[in-house]
Amino acid sequence: MRRLAAALCVLAVLCAASPAPTAHADLAGAEELMGREKYAEAIAEFKKALETAPSDPRALYGISYCYIRLGLASTQSDELWSAEDYLKRLVEAAPGVAGYRYLRGWWAFTLAYRAPSYTRHLLITGEEELSAAYGLDRTNVETLKLLGLCREGLGKYKEAAEAYRAILEADPENLAYYPRLADCWYKAGMFKDAVGACRIGSAKDSANLFYLKMLGDALKAMGDLKSAEASYAAGIGKDPAGAQWYESLWLVLMDPASEGGAARCEEVFGALAEKHGRHVHPLKFHSVILRRNGKAGKALEVLKTWTSIDRGQGREWGWFWMGEVLAELGRPEEADAAFVAALEANPQFANAFNPLQKRFTAMRDGRRFSEAADLLKRISAANPMAEFHAWVMFELGADLQDMGDREGALKAWAKAEELNPTEPRFNNTLGLELRALGRIEEAMAQFRKAMEKSMDFMYSMENLGVTLLQIGKLADARDMLVRSYGAAEEQLILAPDPGTRAEREFDVFKFQYFLVELREIEMAGANGGRDGNR
């Protein structure tokens, strides 16, 4: 709404200086309604006037203004686009009025952020109208400001810079536009001009650290690495906690054209870590270069300092790198603890989960089930995300089963199913264990739950069919096994590779065997007068 007020103030000035269009109708009543913010009623009155004078700029402006007000106050696209339609008609009716061209350009720019699918089209319209408005009235700085923003949105950085330069020529003390000018020159690849804009802006506003960063970036792009390094170092001196300075300095020092290479990078960041060690970023880059230079022991000490002071976003990397260094140094238990700490800092941090998963697999392969179960419990505590936690509990159940704790395994699998109730494999595994314990009805309930979650989950159909076969419910068993056989044949046809095809061929053979066995039981039952579905 502030932009609207500013736009309308500018429009009032522009219209006052422009030739007044001849009115073809008495619009005082409609304008009174508009002034009282009864926009819908005002639109109806203005449209009546257009019936007799379709190109009356005064009526077209009134309708446009009312639709703008209504559009900004709601999310209805009809009102937003209606304003654009009438502004287009307004400009066509009075192309020589700078204020009308400015208003349509301003509205196109504003609408671009309400209609992302049409952003480029609207910015093109905005640039065309604002360029025309500036051609009609070169005293209006507001037109140049919006023109520059439209050109930036279109990626026309050189042209945007020219608009900002014109603003500064008219008003050299307008400090807000030196950074925009420098940024656009830089994005346009005109690095020398960017350096010049930074130096002028910095002389006028020395407290603005943007100039030091942009100056360093432009100098680096020009190949002047020493001057770029000096600019970033100056930024660190003024803002020792800022990540951007250390990242940029790292890129300069590690540039293949930089003198000294990794050795000098270690020296520079060592000095920065000593001077600004209460901040995270110098410690981070110092640890990285120490590892790169083969000094894992020293890197570990720096990482310990980093993780002891860092409580902000991104601290998981400190713990993760510490885990990697500890693993390199042959201290796997401490490495595990560091990776778990990384997960505690960020439960979604997959980098830390991967080495823990490898350790877990190695423990299970070595039949160190107790250690594997303990590690999984620690991972589970560090990562409360339900889906991930469910898989952890599922694996924990397998470990408990291997250790002989079958009741503990059941509880872990039940917890996995509770955490991720959409996964049929959890129910299938529960059913198998319950069947092994002789709890047949509970087992069949789990197989059926798995089938409800996935109607084509072949293994739950198989397990239910085999269980029914075992308890003598032959007709129901046949139904399940035939369905399983059909699913196996379908998956055999769709098998994407030879390995999967071999597995599906085995499944098909297995179901053929079950069906043969079932047929033999049915025949034996028929000979003995037995009920086939007891």
Do NZ/NE/NH1/NH2 and the carboxylate oxygens of E259 and R264 come within less than 4.0 Å?
no
Shortest non-hydrogen pair, F210 vs A182, comes out as CE2-CB, 4.2 Å
Taking the six-membered ring for Trp and the single ring otherwise, decide whether the centroids of Y118 and W81 are under 6.0 Å apart.
yes
Using a 3.5 Å distance criterion without hydrogens, assess whether the side chain of S258 forms a donor-acceptor pair with backbone atoms of M254.
no
Could you check whether the rings of F109 and Y113 sit parallel, tilted or perpendicular, using 30° and 60° as the cut-offs?
perpendicular
Should the ring pair F349 and W317 be called parallel, tilted or perpendicular, given that the plane angle runs from 0 to 90° and is split at 30 and 60?
perpendicular
When you look at L72 and W107, which way does the side-chain contact (heavy atoms from CB on, under 4.5 Å) test go after all the steps?
CA-CA 10 Å; L72 288 174; W107 182 242; 3.9 Å; yes
Before giving the answer on side-chain contact (heavy atoms from CB on, under 4.5 Å), spell out for L147 and Y164 the whole-Å C-alpha distance, their side-chain angles and the decisive distance to 0.1 Å.
CA-CA 9 Å; L147 181 58; Y164 297 140; over 6 Å; no
Between R104 and E84, is there a side-chain N and carboxylate O pair less than 4.0 Å apart?
yes
Does a side-chain N-to-carboxylate-O contact under 4.0 Å join E159 and K156?
no
Is a salt bridge present between K298 and E266, judged by a nitrogen-to-oxygen distance below 4.0 Å?
no
If you count the non-hydrogen atoms of other residues, nucleotides and ligands that lie under 6.0 Å from NZ in K204, is the total more than 12?
yes
Could you measure the distance from the CG atom of L300 to the CZ atom of R331? Nearest 0.5 Å is fine.
5.5 Å
Decide, yes or no, whether a salt bridge links K449 with E452 under the criterion of side-chain N to carboxylate O below 4.0 Å.
no
Look at E324 together with R291 and state whether they make a salt bridge at an N to O cut-off of under 4.0 Å.
yes
Aromatic plane relationship, Y232 with W245 - under 30° parallel, 30 to 60° tilted, over 60° perpendicular
tilted
Residues, nucleotides or ligands: over 12 heavy atoms within 6.0 Å of K415 NZ
no
Run the side-chain contact (heavy atoms from CB on, under 4.5 Å) check on Y186 and F191 step by step: do they pass?
CA-CA 5 Å; Y186 179 81; F191 305 121; 3.6 Å; yes
Is there a side-chain contact (heavy atoms from CB on, under 4.5 Å) between K145 and N174 once you walk through the steps?
CA-CA 12 Å; K145 291 178 181 179; N174 191 334; 4.2 Å; yes
Ion pair check, R378 and E333, cut-off under 4.0 Å:
no
